[in-house]
Protein chains: 2
Amino acid sequence: MAEVRSEYEKALMEATMPAGKRKVLLAALQLFAKQGFDRTTTAEIAKEAGVSEGLIYKYFKSKDSLLEELSKSFYDQFRNTFLEGVGEYATLDELVTAFMRDRLNFARENFALIRIIGQEVFMNPSFRTAIANVVVNNGHINKYIAEIKAKYPDANPDLNPELLLRGVLGPLFSYALITNLFHLKSDDEDGSLTNLHRQLMLVFKGK
Amino acid sequence: MAEVRSEYEKALMEATMPAGKRKVLLAALQLFAKQGFDRTTTAEIAKEAGVSEGLIYKYFKSKDSLLEELSKSFYDQFRNTFLEGVGEYATLDELVTAFMRDRLNFARENFALIRIIGQEVFMNPSFRTAIANVVVNNGHINKYIAEIKAKYPDANPDLNPELLLRGVLGPLFSYALITNLFHLKSDDEDGSLTNLHRQLMLVFKGK
DNA sequence: GTCTATAAATTGATAGAC
DNA sequence: GTCTATCAATTTATAGAC
């Protein structure tokens with residue numbers, strides 16, 4: 001139950017905006033993650049935020065646009081922190097260790113938003129497009145991949161955004177999802193974290 | 001667009017039940033998978049099935065119970081075909097190859113149901129319990145794991161249901177999900193399937 | 001910046017006829 | 001086995017006052 005405050009929530013606290021708007025965003029984030037977007041009514045959001053229902057529509061043109069504003073901030077967070085400082089490590093092994101820790105931590109800290117987006121991804125094509133844009137059609141990522149190949153001689157020469165998606169982000173986020181959703185212990189007692197590290201190394205190092 | 005007919009649909013065609021009930025189940029399966037459970041109305045289901053709305057409530061006590069009946073059949077399908085014939089192969093490598101193909105095929109064939117359940121898993125605790133029961137608290141699976149350790153000398157002695165969930169099913173179904181959801185090619189042109197095989201071998205073989 | 005009042009439309013579900 | 005008619009409740013969204 002001891003929820004970690006996400007980066008998004010922290011940023012929201014400091015952002016300059018009407019108190020009512022902030023409270024609505026925070027309440028929507030929590031309720032959408034807990035009950036799902038469709039099962040949360042604007043009346044519930046207003047109650048949880050301690051504002052009137054009418055106020056929601058002063059700041060957001062629709063319930064959908066509330067969801068949009070929340071997810072947009074997730075994509076930004078993800079993009080801005082992804083593979084940052086990729087050339088800082090002495091070996092590929094260290095890079096992968098740091099990357100794995102960082103993304104698992106990111107998933108834990110932003111789990112509320114991940115839940116919301118995870119639900120939508122299954123049936124909302126515009127969410128899939130947004131994710132594809134963040135991961136595959138993202139200039140930053142191509143730059144980082146090139147940087148990895150240049151810096152680490154044993155890096156997989158075939159590394160590309162699609163392989164990164166299927167071979168790295170898939171295993172990594174499914175691990176995070178399973179751990180957080182099923183409340184499994186996330187430390188290495190059972191060797192599953194070591195196992196994940198090896199699975200990721202397979203991709204970063206290639207054959 | 002050329003949807004494969006799922007095992008569930010095939011079974012439904014042959015099952016003995018009122019034509020109206022069958023049509024409702026089929027329509028609900030399609031619409032839930034396409035639009036999501038909450039965004040599908042009973043009016044739409046009736047229209048797609050070509051029956052009246054009232055008839056739905058003759059066979060199902062609520063919209064929720066319709067979803068329940070659909071997902072229950074998924075769990076049964078999954079359980080009944082999981083790790084079947086696990087001792088038939090000459091080597092662990094062959095077992096993993098066959099297992100991987102079989103589950104990717106299963107995911108493709110039952111993708112409509114996977115989509116529906118995938119959505120629910122994020123916010124419906126009863127769905128998480130059901131999945132945990134199918135994968136972790138399933139007598140069959142423990143039996144198969146024991147069989148693997150007995151038959152293949154190089155099998156990972158630490159293999160257990162939880163490691164299977166995080167180390168095998170996670171990477172495998174995230175691969176299937178990404179491939180099917182983003183319409184990526186699923187064959188091995190880019191080596192991602194070979195990569196998946198290696199990642200799974202890491203778990204089955206251990207260190 | 002925020003609230004009250006309200007409407008228009010939709011939705012899940014039921015009763016009873018055929 | 002299937003349909004018609006109908007309802008009660010909910011839900012998003014708006015207009016205008018304070």
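Side chains are part of it too, since the values below use all heavy atoms of this structure and drop only hydrogens, waters and symmetry mates. Here is the naming used below: chain letters follow the sequence lines, and residue numbers restart at 1 for every chain.
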Cation-pi geometry met for A:K63 and A:F37 (6.0 Å, 45°): yes
Interface limits on DNA chain D, where chain B has a heavy atom under 4.0 Å of a nucleotide atom: D:dG1 to D:dT4
Rounded to the nearest angstrom, tell me the gap between atom [atom1] in [X] and atom [atom2] in [N].
| X | N | atom1 | atom2 | value |
| --- | --- | --- | --- | --- |
| A:E53 | C:dA5 | CD | P | 13 Å |
| A:K63 | C:dA9 | NZ | P | 19 Å |
| B:Y57 | C:dT14 | OH | C1' | 10 Å |
| B:R39 | C:dG12 | CZ | C1' | 18 Å |
| B:K58 | C:dA13 | NZ | P | 14 Å |
| B:L67 | C:dG12 | CG | P | 13 Å |

Counting any heavy atom closer than 4.0 Å, what does A:F60 reach on the DNA or RNA strands: base, sugar-phosphate only, or nothing? nothing
Looking at A:F173, A:F74, A:F82, A:Y8, which one forms a ring-ring contact (aromatic ring centres under 6.0 Å, His included) with A:F106? A:F74
Tell me yes or no: between the side chains of A:T97 and A:Y89, is some donor less than 3.5 Å from an acceptor? no
Using modelled atom types and a 3.5 Å cut-off, is there a donor and acceptor pairing between side-chain atoms of A:N160 and backbone atoms of A:L163? yes
Relative to the 5' end of DNA chain C, which residue comes earlier, B:G54 or A:L55, by the nucleotide with the nearest heavy atom? A:L55
side-chain contact (heavy atoms from CB on, under 4.5 Å), that's the test. Do A:K34 and A:T40 meet it? Break it down for me. CA-CA 9 Å; A:K34 201 170 102 189; A:T40 301; over 6 Å; no
Between A:R39 and B:E120, does any NZ, NE, NH1 or NH2 come within less than 4.0 Å of an OD or OE carboxylate oxygen? yes
